[in-house]
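Structure first, commentary second.
What's counted below: heavy atoms across the whole structure, side chains too, no hydrogens, waters or symmetry copies. Order of the sequence lines fixes the chain letters, A, B, ..., with proteins taken first and strands second; residue numbering starts at 1 for each chain.
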Protein chains: 2
Amino acid sequence: MAYCWEHRLSRSNPRVLNTLERAGGFASAQEIYRLMQREGESIGLTTVYRSLQSLASEKIVDILRRDDGEAIFRLCGGAHHHHLVCKGCGDTVEIEGGEVEKWAKVIAEEYGFRDVGHTAEIFGLCEKC
Amino acid sequence: MAYCWEHRLSRSNPRVLNTLERAGGFASAQEIYRLMQREGESIGLTTVYRSLQSLASEKIVDILRRDDGEAIFRLCGGAHHHHLVCKGCGDTVEIEGGEVEKWAKVIAEEYGFRDVGHTAEIFGLCEKC
DNA sequence: AGCATAAATGAAAATGATTTTCATTTTCAT
DNA sequence: ATGAAAATGAAAATCATTTTCATTTATGCT
């Protein structure tokens, strides 16, 4: 008689997901780990990585890449936004990208791509720098 | 009297660029290095990386990312453009980003940023994949 | 030619994110 | 309460990329 292990609960997944939410829905594994540490949560870095992988395979989070190659995880369905980054001081503003969304959609259709995502970022010098 | 070292020639840059061309204009640093090794060229991995960085800062090549985060270098037509990349086979289409340019300009003005640039990339699965 | 100087080179070590290993702990149908 | 399978996490392994530093090379000057 076969056991059914379908309903195993992971203690970590919900905590990692919750932390990602509180981080603005946009963070790297290392950042999530450090955040949880700082808040006194007991979890291992390995588990953070595994939780994020599992959340990604369930399509609950998206995986993007920073310019330096570090993976950043983004809540799917959560407010999707872009960044305006100052090259001088590193200050970052979250911005809306309505026109970019439209642009990406149109282009993707034009070339017959499916399962489409995009990245867009603006960088320059802020008033202070 | 100040010397003028402007015209120093790197032996490596042209060789790396040439190898990237022969590799189909789309390869990682490690791949370029291995290719040059196999062909008996004498060059160090460090130098391959440095040449690619320098070619990138001269806008002769573009830097993209594989899904696993590895950097891939791509010969660039020169004009400013964006990319539509297939997550499956890596096929890349250069696309126009007129709306993105406008969007970036408007946002930058709104927040008082100057000396502004941007990146934008669309990724998904092409018809074949 | 010969010298001085700064850039270019590359081997080895360092870095840093991510994955793997493996021993231990937890979960849950029975 | 039991036991099989999954989850966990510390430490080690991986792997791309960067840094260090000693050596070589290119170039301008005399």
Side-chain angles (χ1 to χ4, degrees), chain A residues 1-20 23 26-58 60-74 90, chain B residues 1-20 23 26-58 60-74 90:
Chain A
M1 33 228 73
Y3 291 96
C4 171
W5 305 101
E6 309 267 313
H7 310 303
R8 299 300 302 282
L9 278 191
S10 148
R11 257 171 304 131
S12 306
N13 281 20
R15 290 190 297 154
V16 168
L17 186 55
N18 182 273
T19 306
L20 178 55
F26 206 80
S28 73
Q30 303 277 349
E31 285 165 355
I32 291 173
Y33 174 66
R34 283 194 290 268
L35 191 50
M36 294 179 82
Q37 293 277 298
R38 211 177 306 138
E39 295 178 343
E41 293 225 43
S42 164
I43 194 169
L45 179 57
T46 312
T47 304
V48 172
Y49 274 103
R50 275 190 291 235
S51 288
L52 287 167
Q53 278 173 341
S54 123
L55 291 168
S57 72
E58 292 168 51
I60 295 172
V61 305
D62 263 351
I63 307 180
L64 304 180
R65 293 273 165 190
R66 291 232 174 88
D67 264 6
D68 67 352
E70 189 178 3
I72 41 183
F73 299 84
R74 184 183 69 190
Chain B
M1 33 225 70
Y3 290 96
C4 171
W5 306 100
E6 309 268 312
H7 309 303
R8 297 300 302 280
L9 280 190
S10 149
R11 262 170 302 131
S12 305
N13 282 19
R15 290 190 297 154
V16 168
L17 185 56
N18 182 272
T19 306
L20 177 56
F26 203 80
S28 73
Q30 303 278 349
E31 285 165 355
I32 291 174
Y33 174 66
R34 283 194 291 268
L35 189 51
M36 293 180 83
Q37 292 278 296
R38 212 178 306 138
E39 294 178 343
E41 292 225 43
S42 164
I43 196 169
L45 179 56
T46 310
T47 304
V48 172
Y49 273 102
R50 275 191 289 233
S51 288
L52 287 167
Q53 277 172 343
S54 124
L55 291 168
S57 74
E58 292 168 50
I60 295 171
V61 305
D62 264 350
I63 308 181
L64 304 179
R65 294 274 165 191
R66 292 233 172 88
D67 263 5
D68 66 354
E70 189 178 2
I72 42 184
F73 299 83
R74 187 169 187 299

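Atom CD of A:Q30 and atom P of C:dT15 are 15 Å apart (whole Å). Atom pair A:L45:CG and D:dA12:P shows a separation of 15 Å (rounding to whole Å applied). Here the C1' atom of nucleotide C:dG16 and the OH atom of A:Y33 are 15 Å apart, to the nearest Å. Regarding A:R65, its CZ atom lies at a distance of 13 Å from the P atom of D:dA16, rounded to whole Å. Separating the CD atom of A:E41 from the P atom of D:dT8 is a distance of 13 Å, rounded to the nearest angstrom. Rounded to an integer number of Å, the gap from B:E31 CD to D:dC15 C1' is 14 Å. Here the P atom of nucleotide D:dT17 and the CG atom of B:L52 are 10 Å apart, to the nearest Å. Between the C1' atom of D:dT17 and the CD1 atom of B:I63 lies a distance of 12 Å, rounded to the nearest Å.
Summarising the base pairing, D:dT23 is matched to C:dA8 through a Watson-Crick or G-U wobble pair whose two defining distances lie under 3.5 Å. Pair check for D:dT14 finds C:dA17; Watson-Crick or G-U wobble, both atom distances under 3.5 Å. Across all strands shown, C:dC28 forms a Watson-Crick or G-U wobble pair with D:dG3, both key distances being under 3.5 Å.
The residue A:I43 sits close only to the backbone: its heavy atoms come under 4.0 Å of sugar-phosphate atoms, none of a base. Backbone-only engagement by A:Q53 is indicated by non-hydrogen atom pairs under 4.0 Å involving sugar-phosphate atoms exclusively. At a threshold of 4.0 angstrom between heavy atoms, the contacts of B:S42 are confined to the sugar-phosphate backbone, with no base atom among them.
Residue A:E70 has its side chain nearest to C:dA17 when only C:dA17, D:dT17, D:dT19 are considered. Between D:dT8, D:dT17, C:dA17, one nucleotide has an atom nearer to the side chain of B:A29 than all others, and that is D:dT17. The listed nucleotides are D:dT17, C:dT9, D:dG9; the one nearest the side chain of B:A71 is D:dT17. Looking at the side chain of A:S12, the nearest of the listed nucleotides C:dT18, C:dT26, D:dG9 is D:dG9. Relative to the side chain of B:Y49, the nucleotides D:dT17, C:dT9, C:dT18 differ in distance, and D:dT17 lies closest.
To the nearest 0.5 Å, the span separating CG on B:D62 from CZ on B:F73 amounts to 10.5 Å. Interatomic distance, CG of B:L52 versus CD1 of B:I60, reported as 11.0 Å (0.5 Å rounding).
Residue A:T46 places no side-chain N or O under 4.0 Å from the OP1 or OP2 atom of D:dT8.
In terms of modelled atom types and a separation under 3.5 Å, the side chain of A:R65 and the main chain of B:E70 share no donor-acceptor contact. When atom types are taken as modelled, the side chain of A:S51 and the backbone of A:V48 share no donor-acceptor pair closer than 3.5 angstrom.
Side chain to side chain, B:Q30 and B:Y49 meet the donor-acceptor criterion of an N or O pair below 3.5 Å.
Residues A:G69 and B:V48 both approach DNA chain C. Their nearest nucleotides, taken by heavy-atom distance, put B:V48 toward the 5′ side.
Looking only at side-chain heavy atoms (C-beta outward), B:L35 and B:E31 stay at 4.5 Å or farther from each other.
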